[in-house]
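Encoded as structure tokens, the structure appears first; notes follow it.
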Amino acid sequence: MSDIKSHDKTAAGPMTAAVMKESSLSRIAKRTRGQSHGPITRLMSPSDFGRLLKPFVFLDLIDDQGKPFSGFGLHPHSGIATVTYIAEGSVRYEDTNGATGLLPAGGLEWMRASRGVWHGGGAGEPGRTRGFQLWIALPPELELGPSESVYLAPEVIPRDGPARVLLGSHGTATSAIKTPSPLNYLAVRLKAGERWSYQRPSDHTVLWTAVGMGSVLVPDELHQGELVAFRPSSAAIEFEARSDAEFVLGSAVPHDYDLVLGSHSVHTSTAALRQAESRISAIQTRLIQQGRL
């Protein structure tokens with residue numbers, strides 16, 4: 001929902017100081033608390049963790065603490081897919097594919113922007129809103145293709161134990177959304193003292209987690225608002241909740257393409273970016289004519 005370039009510029013400097021290399025005994029390669037802008041904390045962008053963890057290129061932690069939040073008006077994206085997961089509260093959404101509505105707690109928005117789409121959103125019903133918004137880079141065969149919007153109610157998102165499978169597969173559960181490349185994205189809730197493990201597929205050398213509430217041991221202790229990148233390993237990652245905890249986790253086959261950035265876009269080449277920006281401009285003209293901008 002937020003603008004790419006403005007957040008990316010502010011995150012790049014402070015992020016460098018926040019990143020720490022762990023000891024050789026740790027499974028963690030790097031960790032950060034990101035950079036906050038009001039109720040949004042950008043934990044990952046292409047100038048830092050996004051280059052390490054691509055196809056995962058942006059990650060925002062959303063938490064308005066129950067305070068009024070106007071949200072984001074219509075704005076464009078291209079070359080990426082946006083995944084919004086709401087853990088508490090609700091958000092309103094709108095996009096130029098014709099979708100509009102309320103995304104409740106446990107719900108999921110999937111928007112593959114591809115060659116260009118505009119969307120927006122903001123706080124839903126009164127009360128606290130928490131969740132994550134993730135951006136995934138698209139491969140060349142999809143970055144200029146048709147856009148796609150999917151909105152899933154909480155009851156249709158599959159589970160395997162405490163893990164909700166937002167994208168990909170885990171255990172006996174498989175998401176209904178077709179991913180642009182081999183990847184998994186899970187949302188996990190654990191009670192204090194509970195344990196859970198994740199065995200990444202053998203070709204998923206990219207692996208990270210971000211904590212939305214509470215704290216967990218991996219065995220390093222991770223706290224609310226932290227993101228960590230794990231070192232490649234064939235061993236499972238073991239999580240133990242120090243308190244009631246919620247976190248998201250992503251793993252993937254690496255995205256072996258450049259990240260070419262625009263104001264609202266991520267593409268694999270300058271030529272693809274220019275084509276998408278032309279379409280974004282055409283949609284903008286139409287929205288102005290309709291009185292929506």
Side-chain angles (χ1 to χ4, degrees), residues 43-44 53-62 80-91 93 99 103-112 130-139 142 148-191 194-214 216 218 222 227-230 233-241 244-255:
L43 295 171
M44 181 196 313
L53 298 174
K54 60 183 184 177
F56 307 105
V57 291
F58 288 94
L59 181 69
D60 285 349
L61 171 62
I62 306 164
I80 51 178
T82 301
V83 191
T84 306
Y85 172 71
I86 300 303
E88 179 181 350
S90 61
V91 294
Y93 61 83
L103 190 68
L108 176 73
E109 174 202 28
W110 164 263
M111 192 196 71
R112 194 181 68 209
R130 294 188 300 107
F132 286 93
Q133 190 169 59
L134 173 71
W135 285 261
I136 297 169
L138 299 177
L142 291 176
E148 173 187 63
S149 298
V150 179
Y151 297 88
L152 299 180
E155 59 269 19
V156 302
I157 297 177
R159 290 178 176 270
D160 185 89
R164 309 192 78 194
V165 180
L166 308 181
L167 297 176
S169 298
H170 176 68
T172 60
T174 298
S175 171
I177 296 172
K178 184 178 180 180
T179 59
S181 58
L183 61 88
N184 292 334
Y185 182 43
L186 313 179
V188 183
R189 289 185 177 181
L190 298 177
K191 296 286 188 182
E194 285 187 333
R195 295 184 178 185
W196 177 80
S197 66
Y198 178 70
Q199 179 65 64
R200 73 175 98 188
S202 59
D203 56 349
H204 285 207
T205 54
V206 172
L207 177 62
W208 58 270
T209 192
V211 182
M213 185 184 78
V216 294
V218 291
L222 311 180
L227 177 144
V228 299
F230 292 103
S233 172
S234 59
I237 298 289
E238 302 284 343
F239 293 82
E240 180 181 348
D244 290 355
E246 298 176 2
F247 56 93
V248 291
L249 174 147
S251 71
V253 172
H255 177 80

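For the numbers below, each heavy atom of this structure counts, side chains included, while hydrogens, waters and symmetry mates do not. What you see is a predicted model; the values in this text were computed from it and never measured.
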For Arg195, enumerate each residue passing the salt bridge (Lys or Arg N to Asp or Glu O under 4.0 Å) test, keeping only those at least two apart in sequence or located in another chain. Glu240
If you measure from CD1 on Ile157 to CD1 on Ile177, what distance do you get to the nearest 0.5 Å? 7.5 Å
Return the set of residues passing side chain to side chain contact (heavy atoms under 4.5 Å, CB included) with Ala176 (not counting sequence neighbours), or none when no residue passes. none
Could you tell me if the ring centre of Tyr185 sits under 6.0 Å from that of Tyr85? no
Those residues that, when tested against Ser202, pass side chain to side chain donor-acceptor pair (under 3.5 Å) (two or more places apart): none
Atom pair CD/CG of Glu109 and Leu152 - distance to nearest 0.5 Å: 10.5 Å
By side chain to side chain contact (heavy atoms under 4.5 Å, CB included), Val165 pairs with (sequence neighbours left out) Pro158, His170, Ala173, Ser175, Leu186
Sequence neighbours excluded, the answer for salt bridge (Lys or Arg N to Asp or Glu O under 4.0 Å) partners of Arg189 is Glu246
When rounded to the nearest 0.5 angstrom, what distance separates OG1 in Thr84 from CD1 in Ile62? 6.0 Å
Between Phe239 and Trp196, what is the ring plane arrangement, given parallel below 30°, perpendicular above 60°, and tilted in between? tilted
Just grab all the side chain to side chain donor-acceptor pair (under 3.5 Å) pairs involving residues 205-214, residues at least two apart or on different chains. none
All heavy atoms of Thr179 vs all of Gly168, minimum pair found to be CG2-N, 4.0 Å
By side chain to side chain donor-acceptor pair (under 3.5 Å) - contacts of Thr174 (at least two apart): Ser169
Look up atom CG in Leu134 and atom CG in Leu183, then write down how far apart they are to the nearest 0.5 Å. 8.5 Å
Kindly compute the distance separating CZ (Phe56) from CD1 (Ile136), expressed to the nearest 0.5 Å. 5.5 Å
Taking C-beta and beyond as the side chain, do Val218 and Phe230 meet within less than 4.5 Å on heavy atoms? yes
Contacts of type salt bridge (Lys or Arg N to Asp or Glu O under 4.0 Å), residue Arg164, not counting sequence neighbours: none
Are side-chain heavy atoms of Tyr93 and Ser149 found at a separation under 4.5 Å? no
What's the shortest heavy-atom distance between Pro154 and Pro104, and which atoms? CD-CG, 3.8 Å
Closest approach of Gly212 to Leu61 (non-hydrogen atoms, all atoms of both residues): CA-CD1, 4.2 Å
Give, for atom CG of Asp60 and atom CD of Gln133, the distance between the pair rounded to the nearest 0.5 Å. 6.0 Å
Please find the pair of heavy atoms, one from Ser251 and one from His204, that lie closest to each other, and give the distance. OG-ND1, 2.8 Å
Check side chain to side chain donor-acceptor pair (under 3.5 Å) between Trp110 and all other residues, then give those that pass, not counting sequence neighbours. Glu148
Does Leu138 have any side chain to side chain contact (heavy atoms under 4.5 Å, CB included) partners at least two apart in sequence or in another chain, and if so, which? Ala81, Arg112, Ser114, Leu142, Glu143, Pro180
4.5 Å side-chain heavy-atom contact, Asn184 and Pro201: yes
What pair of heavy atoms forms the shortest contact from Leu53 to Met44, and how long is it? CD1-CE, 3.8 Å
Are Leu190 and Phe247 close enough that some pair of their side-chain heavy atoms sits under 4.5 Å apart? yes
What residues, two or more places apart in sequence or in another chain, satisfy side chain to side chain donor-acceptor pair (under 3.5 Å) together with Asp160? Thr172
Sequence neighbours excluded, which residues qualify as salt bridge (Lys or Arg N to Asp or Glu O under 4.0 Å) partners of Glu238? none
pair Val188-Tyr198: side-chain heavy atoms closer than 4.5 Å: no
